[in-house]
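Here's the structure, in structure tokens; my notes come after.
Letters A, B, ... are given to chains in the order of the sequence lines, protein chains preceding strands, and every chain is numbered from 1. No experiment lies behind these values; they were computed from the predicted model shown.
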Number of protein chains: 2
Amino acid sequence: MKKRGIPTLEDVALSSNVSTATVSRYLNNPEKVAKSTRSQIQKAIQKLGYTPNLGGRMLASNKVRMVGAIIPTMANAMFSNGIQAFQEELSRNDITLLISSSGYDPKQELQQMQSLLASGAGGLLLIGNERPKKTLKFLNQRNLPYVVTWAYKDGVEGFYAGFNNRQAAFDLAKIVIEYGHTKIAMIAGISENNDRAGGRIEGVKDAIAEHSDSVRLVDLIETKYRMETGGNAFDALMSRVDKPSVIMCGNDVLAAGVIMRARQRGIRVPEDVSVTGFDDLNIASALTPSLTTVRVPHFAMGRAAAKLLLKLIRKDDTAKSIEFSTEIILRDSLRRIG
Amino acid sequence: MKKRGIPTLEDVALSSNVSTATVSRYLNNPEKVAKSTRSQIQKAIQKLGYTPNLGGRMLASNKVRMVGAIIPTMANAMFSNGIQAFQEELSRNDITLLISSSGYDPKQELQQMQSLLASGAGGLLLIGNERPKKTLKFLNQRNLPYVVTWAYKDGVEGFYAGFNNRQAAFDLAKIVIEYGHTKIAMIAGISENNDRAGGRIEGVKDAIAEHSDSVRLVDLIETKYRMETGGNAFDALMSRVDKPSVIMCGNDVLAAGVIMRARQRGIRVPEDVSVTGFDDLNIASALTPSLTTVRVPHFAMGRAAAKLLLKLIRKDDTAKSIEFSTEIILRDSLRRIG
DNA sequence: CTGAAAGCGCTTACAG
DNA sequence: CTGAAAGCGCTTACAG
């Protein structure tokens, strides 16, 4: 027992009159050790209070014991449920989750990536598909298994457990148009470096383009996903001469901000203006009026992402991207007009 | 570059014409390396995409590089902001966060604890103060630094960065009583193994006890922190002959469920019944009516917890528990009566 | 079923 | 300011 008094594998070997190789075998593949030897070792471990040293293990073997996730933010509930499911699935496989946040900043994301790798991550969960060449090069160079979630792209290399933001927003916008709305405004997330926000904008534009004779995009404001900024954008929109009949929001947090601000201003939703969200967070059903939004299968997605990542780590050939479908949830904040 | 193609410190040394010792120094104490050497090494690291190997580092030195957090759940926004702040502060100190969730189950908490330690955690963030002897013994035996948050206890061993749930609930209940409410019902979280939920219940009871001649606790329902269970509890309360004039909820999620269900039932808040929450999540201000609640300084608390834990890890003598005060946020869901 | 030995990638006195 | 070398605790072919 060296300096720090912490018993090592060697101490166990000495104390049980076998080699370190045998103790190691006992620890990792007990069935490869004779029964009588097993109990000797077991006793020695008990007596010494031995616990394997992670550093030694990591260095000597190459097993993945941890994976990392980098999410834009833990504030708000946007990613909570997905990450919860991701972590639970990892835990079931005896893998620990390292987590960090990037604040929607690609530079920070790269930095966090490096730091997670340095912390032993043997795989990564990333949000969205848009990142600088430098980051991609790093990932590639390290040959690190990773899964992209919250987004989905067809026919592209890489592995996804996500959904098509553009399609989902398109579907919702089609319904909005079908409901008779011709003057659409959008309050979106900031699309730079954020393909989810960007995709949602594109989806709305696509739908409008299909009805370019009658429907138009009155205004588009990009802003941070916060209730307050959503409220501010709402004020800006409603002070236009050319007011929208519906405000499509890039997520539920923005929509909550809009609905709250509308109440403060005495503007009625949906009588004076309709509102839609995206995500179907808890908040969506709790708002007054309840929010028409897009339901994203956060939980299933997080879990699937973990399973996929695990397969990649194990070099399982059956690893395959999964696209989740989203669902339009019609509630009271969107009304038929015209 | 050995087999797996992952560059090692040696590769960097080779590529920059210095010894591994110097590269290591550059990594750990750049100021001990000549400027010109630094930039050589920097270039090589860039070129190779080198990231230090954790196993090697852990084995060679004894520095703490990761700490773990075990939170009851990541679903909902309850802990999100606190954990976000915690992680950011750790990141500033080059420490990675290992995270896991216990589902409010003490057995799982212990298991997660062991697994986080086996994953290299050199310190722990724990929520609340109530845990089985077995868990405490384990913590003690490992002599592991840990900080308790979301709770605070005076004159007890251990380190806290939290607040007094009982006092906070007491303060809110006093105001409720001052507003003229005499028939109080409470929908609380499940208090078994949850001192935060328990403390909030006690606080309300304390306040009622001070007015036992005029005020009483009509009913107390303990349930999971979910909107739906909150709604169900609301139904149960409003089907009583002896209806409460106010429903104090153990947190904002429950309160949101109550307000939503009330609307569905055609029961007006606060005209027919007042409602209060706890936490001041985003949702609180977005509800209609907006929710009277207790504001918890999640962000400051998470950050302080990280700083405290870091001090404990560094064996800094100035490490000291911090108690945060909470604030009553008066909004529309609570009205004066009588 | 077991052991001797090489090696995993890093840090750190120790010398210079 | 820099390098040679020992050593951290484990796993794993390879022999036997």
State whether [X] places a side-chain N or O below 4.0 Å from either non-bridging phosphate oxygen (OP1 or OP2) of [N].
X       : N      : result
A:Thr22 : C:dG3  : yes
A:Arg25 : D:dT12 : no
B:Tyr26 : D:dG3  : no

How close or far is atom [atom2] of [N] from atom [atom1] of [X], stated in whole angstroms?
X       : N      : atom1 : atom2 : value
A:Leu54 : C:dC8  : CG    : P     : 19 Å
B:Asn29 : C:dA13 : CG    : P     : 11 Å
B:Glu10 : C:dC8  : CD    : P     : 9 Å
B:Asp11 : C:dC10 : CG    : P     : 9 Å
B:Asn62 : C:dT11 : CG    : C1'   : 11 Å
A:Leu9  : D:dT12 : CG    : C1'   : 13 Å
B:Leu27 : C:dC10 : CG    : C1'   : 10 Å
B:Ile45 : C:dC10 : CD1   : C1'   : 13 Å

> Where each residue is assigned the nucleotide of DNA chain D containing its nearest heavy atom, which of B:Glu31 and B:Gly56 is assigned the position nearer the 5′ end?
Replying inline: B:Glu31

The side chain of [X] is closest to which nucleotide in this list: [options]?
X       : options               : answer
A:Leu59 : C:dC8, C:dT2, D:dC10  : C:dC8
B:Thr20 : D:dT2, C:dG7, C:dT11  : C:dT11
B:Arg65 : C:dT11, D:dG3, C:dA4  : C:dT11
B:Ser24 : C:dG7, C:dT12, C:dG9  : C:dT12
A:Val33 : C:dC10, D:dC10, C:dT2 : C:dT2
A:Thr37 : D:dG9, C:dC1, D:dT11  : C:dC1
B:Thr8  : C:dA5, D:dT11, C:dC10 : C:dC10
B:Asn53 : C:dG9, C:dT11, C:dA4  : C:dG9

> Considering heavy-atom distances to DNA chain C, does A:Val18 or B:Asn28 have its closest nucleotide positioned more toward the 5' end?
Replying inline: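 Whichever sits nearer the 5' end wins; that is A:Val18.
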
> Does any nucleotide pair with C:dA13 by Watson-Crick or G-U wobble geometry, both distances under 3.5 Å, and what is it?
Replying inline: none

> Taking any strand in view, what nucleotide pairs with C:dA4 in a Watson-Crick or G-U wobble way, both distances under 3.5 Å?
Replying inline: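 Its partner: none found.
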
> Could you give the distance from CD (A:Glu109) to CG (A:Leu116), rounded to the nearest 0.5 Å?
Replying inline: 10.0 Å

> Could you state the interatomic distance from OG (B:Ser101) to CD1 (A:Ile83), rounded to the nearest 0.5 Å?
Replying inline: 11.0 Å

> Under 6.0 Å from the CD atom of A:Glu323, do we count more than 12 heavy atoms belonging to anything else shown?
Replying inline: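 Counting neighbours around CD of A:Glu323, more than 12 heavy atoms of other residues, nucleotides or ligands fall under 6.0 Å, so yes.
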
> Is there a side-chain contact (heavy atoms from CB on, under 4.5 Å) between B:Ile313 and B:Val67 once you walk through the steps?
Replying inline: CA-CA 10 Å; B:Ile313 288 170; B:Val67 309; 3.6 Å; yes

>> Mind checking if A:Ser61 touches a base, just sugar-phosphate, or nothing, with heavy atoms under 4.0 Å?
In response: sugar-phosphate

> Contact class for A:Ala34 (heavy atom, under 4.0 Å): base, sugar-phosphate, or nothing?
Replying inline: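 Here A:Ala34 touches the backbone only, sparing every base.
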
> Between A:Phe324 and A:Tyr152, does a side-chain contact (heavy atoms from CB on, under 4.5 Å) hold up when you go through it step by step?
Replying inline: CA-CA 8 Å; A:Phe324 286 88; A:Tyr152 188 88; over 6 Å; no

>> Can you give me the closest heavy-atom contact between A:Ala197 and A:Ile190, atom names plus distance?
In response: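 In terms of heavy atoms, the two residues are closest at CB-O, 3.7 Å.
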
